[in-house]
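Just so you know, these numbers come straight off a predicted model, no measurement behind them. Both backbone and side-chain heavy atoms feed into the values below; hydrogens, waters and symmetry mates do not. Reminder, nothing fancy here: chain letters follow the sequence lines and each chain counts from 1.
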Amino acid sequence: MSENIIEIDDDTFESEVLKSNLPVLVDFWAPWCGPCRAIAPTIEALEKSYAGKIKFVKVNVDENPLTPSKYAIQAIPTLIFFKNGQIADQITGMVAKAKLEEAIEGIL
Amino acid sequence: MRQTDYDLVIIGGGPAGLTAGIYAARARMNVVLYEKAAPGGQVIVSDWIENYPGFPDGISGYELGEKMLNQAKNLGLNIEIEDVTSIQVDGEIKTVNLAKKSVTTKTVIIASGASPKKLNIGESQFMGKGVSFCATCDGPFFRDKTVVAVGGGDTAVQESIFLTKFVKKLYLIHRRGELRATKILQERAHKNDKIEIIWDSVVSGMDGLFAVENVKVKNVKTGEEKDIKAQGCFIWIGITPNTAFVGDILNMDDGGFIYTNGNMETSVPGIFAAGDVRTTPLKQIVTAVGDAAIAVMSAEHYIENLQD
């Protein structure tokens, strides 16, 4: 696991995501979700490419039920892009790296 | 012939692509594998695999995919996360175009697999809001809820059984009067108290304010339509091949599956196809990996003949 992708929880979501100065990509995942684990290296690679421009964080939906329920998440992996505390984009399911890059470029 | 960047380019990182990579790496071919999202393929969404030999108690799809990936990596296979956008054929030289670069190669093995088919009854607005193609990803979000599952093949029945670990009730909607799934799965489904099969029926629509609340089910024999109050709709009605990047350079069937012969040769010499992407009578991991081994052998033969 890349140390640059911080694992956040229900308590730190507001300070780490909603109040972040940088745009934030939140990766909602769980250990039992194969596709979530499979895309993790791709997300880590993106984190390296976009370091300093966008913040990458992860939320384990098993350990943190409040945040996924607040955003009505019923499927993982779900990636939500936040900008100034607002949802700027959302991607559900496993998608091509090129799609993710497009989405990131779109919110920068 | 002119030098190329690679001997072999493998497109797709599922069981077929990874197996092709294992064989090509061991043959010391100059090879690269391009996978657009994450290696593993459709197998990683499967909860449990019981028909792949060597695992007497079965194995989770993710774990099997990961083992194949690690085996390929241990043999030194070069895997890049890149989206192939098109292939150009210039006689013996093939150019594989990626989002930001192009590479040349003598041979290509297309193992880009397939994706779940959609119902196309307006379910796309409910993607991630009740509509799902992945029980292992999304099942736990439907704890103690009622869901509908659509299909009658192995995937539909296997994954429906898995969902009953979480859901209160599962209606399995099948358009025919009997399941197509293998007998052992049928037996388990019939024994499962939470599963109720609705025969001769299709899902004709769904509605809900923010997420799925109601699924419309229509009997294809009587035309009668009824509502099922359900919070989820899992769709397993077959697969559609990932061949958009192939364009019209290869012969394909009406569904977009690539025609091959028994040596996995397509209509273009030097381009091979393996696994679910080709017109195979059986879409299983065990057949995909067999295809891949043959495809690499054919690619090696093709290259040897070029150098003669």
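- With values rounded to the nearest 0.5 angstrom, B:D138 atom CG is found 7.5 Å from A:T78 atom OG1.
- Taking 4.5 Å as the limit, every side-chain heavy atom of A:C33 sits out of range of all side-chain heavy atoms of B:T136.
- Looking at B:F142, the atoms closer than 4.5 Å to chain A (heavy atoms on both sides) all sit in the side chain, from C-beta outward.
- Contact annotation: the side chain of B:E80 never approaches that of A:K97 to less than 4.5 Å [non-hydrogen atoms, C-beta and beyond].
- For the atom pair NZ (B:K129) and CD1 (A:I73), the distance works out to 10.5 Å, reported to the nearest 0.5 Å.
- To the nearest 0.5 Å, atoms CD (B:Q42) and CE (A:M94) are separated by 9.5 Å.
- Annotation for B:C137 and A:P35: closest pair SG-CG, 3.5 Å, computed over non-hydrogen atoms.
- Within 6.0 Å of NZ in B:K169 there are more than 12 heavy atoms belonging to other residues, nucleotides or ligands.
- One N or O on the side chain of A:Q74 and one on the backbone of B:G130 form a donor-acceptor pair closer than 3.5 Å.
- Listed here is the closest heavy atom pair of A:A75 and B:G128: CB-CA, 3.7 Å.
- The shortest non-hydrogen separation linking A:A38 to B:I44 is CB-CD1, 3.4 Å.
- For A:Q90, no part lies under 4.5 angstrom from a heavy atom of chain B.
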